[in-house]
Peer 1: 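Just dropping this structure here.
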There are 2 protein chains.
Amino acid sequence: MEKINSGPKRTHCIDCPLRRKSHFRDLNEEELAFVDGFKVGELSADPGATIFSQGTNSAHIYTILDGAAFRFKILEDGRRQILNYVFPGDMVGLQSFLMGEMQYSVESLSNLRLCVFERGRMMTLFEKHPSLAYDVTWLAAREERMLDENLLSVGRRTALERIAYFLAFLYRRAMAVGLADGTRLDLPITQRHVADTLGLSLVHTNKTLRRLTDRGLARWRDSSCEVLDPDGLQELAGWEGLSDTPRPFI
Amino acid sequence: MEKINSGPKRTHCIDCPLRRKSHFRDLNEEELAFVDGFKVGELSADPGATIFSQGTNSAHIYTILDGAAFRFKILEDGRRQILNYVFPGDMVGLQSFLMGEMQYSVESLSNLRLCVFERGRMMTLFEKHPSLAYDVTWLAAREERMLDENLLSVGRRTALERIAYFLAFLYRRAMAVGLADGTRLDLPITQRHVADTLGLSLVHTNKTLRRLTDRGLARWRDSSCEVLDPDGLQELAGWEGLSDTPRPFI
DNA sequence: CGTTATCTTGACTGAAATCAATCCCGGTGG
DNA sequence: CCACCGGGATTGATTTCAGTCAAGATAACG
């Protein structure tokens, strides 16, 4: 079922499809050349594959090229908390470079393609390319910002507000990287994922989702969801939305 | 009541009291000289003072020299979620440097002394001192790691486990920087803070705390708390604890 | 076709929220 | 000196939101 294929480097950074999206801030030629050398390969994974495992030490850092995945932690008895989602242009595994052991796991949601970087060469990036080091830090700060908002939701929003926030959040992020067209999220996400992201039970998630459907804000269709009124959802959740200034990626 | 005093630079980095603590990884002379020039002053604040305010743009970045504070977000109707605590050696405000507007607030818990850095000069740090840039990123990754664990607590642990986790967490951090002696936390923390950190109501926090007291794990005394059995609390929460390798600070 | 995963609903239970008093203690000012 | 006040901690009674249990419905799949 799960399958991970490590292949040779297929795409050169010059031809990186992400460069063409207006959502991203492009690199200059010199940076591009460095990153291209920094990249040691590509990895592709089927849905449900484990990319990183809590408690292990990885020699690699990844950037998502295509598809989506999620970061999560589990307690001994199996309770799972999804921490955040990773989309094209996002980096995962920085923690293992900086602090050794991973304290979370990553699993692919859809078919995934990743750029592979060697963690041992990361230090060179800091030494030779301050602008890229800055970008890495920027990405870390962005992750922190998303986690802050998530924590606010799980800690202080009601079930209805939480789901409203989360669907709007996913929709905005997916839109930005082309993983949603129109109202439909192009991700095989289940209600189990929603529940585990928001600290709710599956049943209660389902019932609360129905209330959103009744209000015409969102709808569930074959293992994916349709976000009919993102503004309405944000309003309901009291969420400001994401900044839409172009962001860096490596 | 609240008071913030901006004073001249008092302590030179050479004499920084944090350098002497084994918890921290010290800087070399060259780095020290740079940071000393980077520091533009010191700030002291009474308990309850607002250091940063959600929605504003700050020209400064701070490192805690002494005392403790906390980061939080509030919803329009006043619901508050405490995101994390900041202790000596921790940096706050990096987000404003990297991404503009602050999306959280910071309030002092005890008497606070902060080193003030100018955000405009941060870029120079990345350009001239890769090792310090690395440290900044390291601190960001550490914050992310703490937020991950917090999110797991709030989302998936029971009230009893949450409080056990949180008291052990605070105790370990306070111990590492000398803000706890023996069992007693040297911070004026209230049960309101605990409740707002863990997404619980004040009343339920109080009742759950009683259960911990009955088990002899912790105890509340005049606006502060005593952590009698940190290992027992960690065990109860199913928490691994914090890494105790020396950490950088700036 | 069974089989398995996901979604859906209803009935019941339970953990945590809310409401409402008290209590305690350290100011503060008459 | 002592009454008054306010912030925090406590406790009991009640309510409610969300969890658990249970049973189907639906649909993709080998």
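Here is the naming used below: chain letters follow the sequence lines, and residue numbers restart at 1 for every chain.
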Peer 1: Five pairs per end, C1' atoms only: what is the angle between the end axes of the helix from C/dC1-D/dG30 to C/dG30-D/dC1, to 10 degrees?
Peer 2: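 Rounded to the nearest 10 degrees, the bend comes out at 30°.
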Peer 1: Nearest whole angstrom, please: distance from the P of D/dG8 to the CG of B/Leu202.
Peer 2: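 For the pair B/Leu202 CG and D/dG8 P, the rounded distance is 10 Å.
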Peer 1: Side chains of residues 231-239 of chain A: which donor-acceptor partners sit under 3.5 Å, not counting sequence neighbours?
Peer 2:
| residue | atom | partner | partner atom | Å |
| --- | --- | --- | --- | --- |
| A/Asp231 | OD1 | A/Arg172 | NH2 | 2.8 |
| A/Gln234 | OE1 | A/Arg172 | NE | 2.6 |
| A/Gln234 | OE1 | A/Arg172 | NH2 | 2.9 |

Peer 1: Locate the shortest heavy-atom distance separating A/Ala140 from A/Leu94; write the atom from each residue and the value.
Peer 2: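 So the minimum-distance heavy-atom pair works out to CB-CD2, 4.4 Å.
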Peer 1: Of all of residues 71-87 of chain B, which get a heavy atom below 4.0 angstrom from DNA chain C, listed by number?
Peer 2: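 Residues of residues 71-87 of chain B that come under 4.0 Å of DNA chain C do not exist, since none gets that close.
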Peer 1: So among B/Gln95, B/Gln81, B/Glu143, which one has a side-chain hydrogen bond (donor to acceptor under 3.5 Å, both in side chains) with B/Arg71?
Peer 2: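 Single pass found, and it is B/Glu143.
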Peer 1: Which heavy atom of A/His204 sits nearest to which heavy atom of A/Ala159, and what is that distance?
Peer 2: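 The answer is NE2-CB, 3.7 Å.
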Peer 1: 5'-most contact on DNA chain C: A/Arg192 or A/Arg156, nearest heavy atom basis?
Peer 2: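 Closest to the 5' end, via its nearest nucleotide, is A/Arg192.
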Peer 1: Using the test salt bridge (charged side-chain N to carboxylate O under 4.0 Å, His left out), find all partners of B/Arg247 that sit at least two apart in sequence or belong to another chain.
Peer 2: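 B/Arg247: salt bridge (charged side-chain N to carboxylate O under 4.0 Å, His left out) contacts with B/Asp90.
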Peer 1: Restricting to side chain to side chain contact (heavy atoms under 4.5 Å, CB included), what partner residues turn up for A/Gln54, sequence neighbours left out?
Peer 2: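 Once residues adjacent in sequence are excluded, the partners of A/Gln54 under the side chain to side chain contact (heavy atoms under 4.5 Å, CB included) criterion are A/Lys73, A/Ile74, A/Ser105.
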Peer 1: Taking only residues at least two apart or on different chains, which pairs with a member in residues 45-65 of chain B satisfy ring pair (Phe, Tyr, Trp, His ring centres under 6.0 Å)?
Peer 2: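 Sorted result for residues 45-65 of chain B: B/Phe52-B/Tyr62.
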Peer 1: What are the two closest non-hydrogen atoms of A/Leu185 and A/Ser224, and how far apart are they?
Peer 2: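 Distance-wise, the nearest heavy atoms are O-OG, 2.7 Å.
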Peer 1: Taking ring-ring contact (aromatic ring centres under 6.0 Å, His included) as the test, write out the residues that go with A/Phe166, two or more places apart.
Peer 2: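 With neighbours one apart ignored, the set is A/Tyr85.
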Peer 1: Looking at B/Pro47 and B/Asn111, what are the two nearest heavy atoms and their distance?
Peer 2: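 Minimum heavy-atom contact is CD-OD1, 3.3 Å.
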Peer 1: Could you work out, with ring-ring contact (aromatic ring centres under 6.0 Å, His included) as the rule, every residue matching B/Phe70, not counting sequence neighbours?
Peer 2: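 Only B/Phe72, B/His193 meet the ring-ring contact (aromatic ring centres under 6.0 Å, His included) criterion with B/Phe70.
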Peer 1: D/dG19 C1' sits how many Å from A/Asn206 CG, rounded?
Peer 2: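 Distance check: A/Asn206 CG to D/dG19 C1' gives 14 Å.
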Peer 1: Grab the N/O contacts between the protein and nucleotides 12-17 of chain D below 3.5 Å, and write none if there aren't any.
Peer 2:
| residue | atom | partner | partner atom | Å |
| --- | --- | --- | --- | --- |
| D/dG12 | N7 | B/Lys207 | NZ | 3.2 |
| D/dA13 | N6 | B/Lys207 | NZ | 3.2 |

Peer 1: Which distance, rounded to the nearest 0.5 Å, do you find between the CD of A/Glu226 and the CZ of A/Arg221?
Peer 2: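 One finds 4.5 Å between CD of A/Glu226 and CZ of A/Arg221.
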Peer 1: Which two nucleotides bound the region of DNA chain C that has atoms under 4.0 Å from heavy atoms of chain A, read 5' to 3'?
Peer 2: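 Range of nucleotides within reach of chain A: C/dT6 to C/dA11.
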Peer 1: Which atom names give the shortest non-hydrogen contact between A/Ala45 and A/Ile51, and what distance separates them?
Peer 2: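 Heavy atoms of A/Ala45 and A/Ile51 come nearest at CB-CD1, 3.9 Å.
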Peer 1: For DNA chain D, find the residues of residues 193-201 of chain B with a heavy-atom distance under 4.0 Å and give them by number; none if there aren't any.
Peer 2: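 Under 4.0 Å from DNA chain D: no residue of residues 193-201 of chain B.
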Peer 1: Just the rounded figure in Å: distance from C1' of D/dA18 to CZ of A/Arg210.
Peer 2: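 For the pair A/Arg210 CZ and D/dA18 C1', the rounded distance is 18 Å.
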Peer 1: How long is the line joining CG of B/Leu212 and P of D/dT10, in whole Å?
Peer 2: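 Those two atoms, CG and P, are 12 Å apart.
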Peer 1: Does B/Tyr171 have any ring-ring contact (aromatic ring centres under 6.0 Å, His included) partners at least two apart in sequence or in another chain, and if so, which?
Peer 2: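 Counting only residues at least two positions away or on another chain, B/Tyr171 forms no ring-ring contact (aromatic ring centres under 6.0 Å, His included).
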Peer 1: Indicate yes or no for a side-chain donor-acceptor contact from B/Thr213 to the backbone of B/Ala218 under 3.5 Å, with no hydrogens or angles considered.
Peer 2: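 Yes; at least one donor-acceptor contact below 3.5 Å.
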